[in-house]
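The structure appears right after this line, and notes come after that.
Position 1 is the first residue of the sequence; numbering continues from there.
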Amino acid sequence: MLLEMHCHTAEHSPCSSLAAVDLVRQVFARGLQGVVITDHHYLWSAEELADLRHRTGVPEHFRLLSGQELRSEEFGDILVYGATASIPRGTSLMEVRRCYPDAALVWAHPYRGRMPPGSEKLTSPLLDGVEIFNSNHTVRGNSLGLQDWHRYRFTAIAGTDTHGSGYAGLYPTIFDHPLTTMDELAVEIKHGRCRPFFKEIPRAGANSLVTEVTIGIKGVDESRERIIIRELADRRQWVAAERGHRIMAAIVAKGFSAGPYRVPRPIDKDPAAMTLIEQGVRGKLLFDKLLSSTHEDGREYLQLAARWLARLHGLRLRVTAVDEFLSREGQRLSGYQERFDRCQNRHGHKVEELVAAIFRAEEALVAASGADFVQGHGDFHPKNIIVGQDSQDNRDTLYVAAIDFESSLVLPASLDVGCFLAQFRNQFILHRSLQERYPESVFLDAYLAASGELSPGFVREVELFRARTNLSIAAYLVKLGLGESADVWRVLVEAERALTNL
């Protein structure tokens, strides 16, 4: 069963503005099965709880219980479940244990401060549990709580720590078995038969474990916290991922944290453990949205993605080294060639010609306009773009967010545009009607309109990077063992045609 374990009322906690009646009704409306009121140093009597039930009109099966929050000597704020009287401020936990041996003691919001708690305190025998999720924690605090719970395996709960209207019941705790009394609740905590209510979905990636975490109950406005935890297994991959993490932070700082154009916000990183934590973004990949959308919605999503890209380029941001474009491109193109040569693919000679032509054109571009390069995405395509909506009832809350910045460089803006157009065609190659419904002009015209004045040769540059992206697609197909497929030949021919258009 789901219970709200930490909340305060205006009647008995000076810090709260939420009346008990409204608190209970809001928790009930969120779909929980009960609420434990934890006012500061105040224990609601059975008579008060009965009167509260009568005034709220909640059914008998909805649990109405009372614990209390104690300001202790040893740990600061402690949630006490099962004491039979109000406990004075400053009482030691040893004294609480002596007076109420059957009560469960839970450390409240230990990740609220700047310094995270240490393992010695988290696993102290004075405690029966730790509150790892709390609305007074930052997202970083909640994510640290989750990691420590997995690391030290103590008993954990979640609590909203409600003090005002609108968010009661957001961080519930799930109990393994039904309970009716506070004594039963204390026993369940002491035996570890409860945990915070959240979803944790591991997803394996290349040399990494990616875990998506969604905390709490879904509300009307979908205000649950989402975090992504990436654990890298390879030092080289860590360097690339940490670099992307740093680039994302710089872009977020320039206005991409909210509104219609977003980037997941980096939260924390642990170089020793090669772990990165970032904000999870609610929504669907642009690729999936286009497959299921109406014509009008699909056009809007593509145009939003184009404007996102134009906005990024318009920042004229430079986070990484300005002179690494050619060296990285040389390594990348050589890697494509090597992949064909290694398996003695029959198209190797054509790839060699394409590699040479593309790199010559890139060298000329750097010489002519390298000073105009900007921090780009580097791998901008429909499967690296998320489309979401903050409120399903309000179309104005629609947004797009780009993910995966490991390929980001200071680069020609035309690279991102050419990459998108080439990948769009390749990813939807089996959906001819969709490509007819959304011609390239939908994306390209929106980008050009949002970008303002561009160089006269911009569209020709787009063709160069369309060819370069097609080459990367062909190399990827070879990696998958599809080097003799018709798709490889098609992609290479299209790359050659794009270069001809230069």
With sequence neighbours excluded, residues passing side-chain hydrogen bond (donor to acceptor under 3.5 Å, both in side chains) with Gln279: none
Spacing of [X] atom [atom1] and [Y] atom [atom2] [to the nearest 0.5 Å]:
X	Y	atom1	atom2	value
Leu415	Phe465	CG	CZ	4.5 Å
Asp270	Leu232	CG	CG	11.5 Å
Leu492	Phe340	CG	CZ	5.0 Å
Cys343	Lys479	SG	NZ	13.5 Å
Leu464	Leu365	CG	CG	7.0 Å

Determine whether [X] and [Y] make a side-chain contact, defined as any pair of heavy atoms from C-beta on separated by less than 4.5 Å.
X	Y	value
Met274	Glu231	no
Phe373	Val366	yes
Tyr336	Val478	no

Taking atom types as modelled, find out whether [X] and [Y] have a side-chain donor-acceptor pair closer than 3.5 angstrom.
X	Y	value
Ser408	Gln375	yes
Glu200	Thr211	no
Asp161	Tyr171	no
Arg497	Asn470	no

Please determine if Arg262 forms a cation-pi arrangement with Phe256, meaning its NZ or CZ atom is less than 6.0 Å from the six-membered ring centre and no more than 45° off the ring axis. no
Does the structure place the NZ or CZ of Arg307 under 6.0 Å from the centre of the six-membered ring of Tyr447, at an angle of no more than 45° from the ring's axis? no
[X] (side chain) donor-acceptor with [Y] (main chain) under 3.5 angstrom:
X	Y	value
Arg311	Tyr261	no
His245	Pro266	no
Ser407	Gly378	no
Asn134	Arg112	no
Thr160	Thr162	no
Glu131	His109	yes
Arg339	Ala475	yes
Thr397	Ser391	yes

Please, which pairs that meet side chain to side chain donor-acceptor pair (under 3.5 Å) have at least one residue in residues 246-257, sequence neighbours excluded? none
Got a sec: does the [atom1] of [X] have more than 12 other heavy atoms crowding it under 6.0 Å?
X	atom1	result
Arg460	CZ	no
Lys121	NZ	yes
Lys284	NZ	no

Before accepting this row, confirm whether a basic side-chain N of the pair [X]/[Y] lies closer than 4.0 Å to the acidic partner's carboxylate O.
X	Y	result
Glu329	Arg468	yes
Glu212	Arg226	no
Glu494	Arg425	yes

Ring centres under 6.0 angstrom apart (Phe287, Phe428): yes
In residues 298-306, what donor-acceptor pairs under 3.5 Å come from side-chain atoms, sequence neighbours left out?
| residue | atom | partner | partner atom | Å |
| --- | --- | --- | --- | --- |
| Glu300 | OE1 | Arg395 | NE | 3.4 |
| Glu300 | OE1 | Arg395 | NH2 | 2.7 |

Can you classify the ring geometry of Phe154 versus Tyr152 as parallel (below 30°), tilted (30 to 60°) or perpendicular (above 60°)? parallel
Residues pairing under ring pair (Phe, Tyr, Trp, His ring centres under 6.0 Å) where one sits in residues 377-397, two or more places apart or in two chains, turn out to be Trp308-Phe380, His377-Phe380, His377-Phe405, Phe380-Phe420
Sorted by first residue and then second, give each salt bridge (Lys or Arg N to Asp or Glu O under 4.0 Å) pair with at least one member in residues 405-421; sequence neighbours left out. Arg230-Glu406
Enumerate the salt bridge (Lys or Arg N to Asp or Glu O under 4.0 Å) contacts for residues 352-374, please, sequence neighbours excluded, ordered by first and then second residue. none
Report the C-alpha distance between Leu409 and Glu324 in whole Å, list the side-chain angles of each, state the deciding distance to 0.1 Å, and finish with yes or no for side-chain contact (heavy atoms from CB on, under 4.5 Å). CA-CA 8 Å; Leu409 292 168; Glu324 65 176 342; 3.4 Å; yes
Could you go step by step and tell me if Val106 and Ile189 meet the side-chain contact (heavy atoms from CB on, under 4.5 Å) rule? CA-CA 9 Å; Val106 176; Ile189 293 175; 4.1 Å; yes
For Gly164 versus Ser17, what's the shortest heavy-atom pair and its separation? CA-OG, 3.8 Å
Would Asp148 and Ile132 satisfy side-chain contact (heavy atoms from CB on, under 4.5 Å), going step by step from the backbone distance to the final call? CA-CA 9 Å; Asp148 282 347; Ile132 63 170; over 6 Å; no
Yes or no on side-chain contact (heavy atoms from CB on, under 4.5 Å) for Arg195 and Trp149, after CA distance, side-chain angles and deciding distance? CA-CA 10 Å; Arg195 65 173 181 82; Trp149 179 50; 4.1 Å; yes
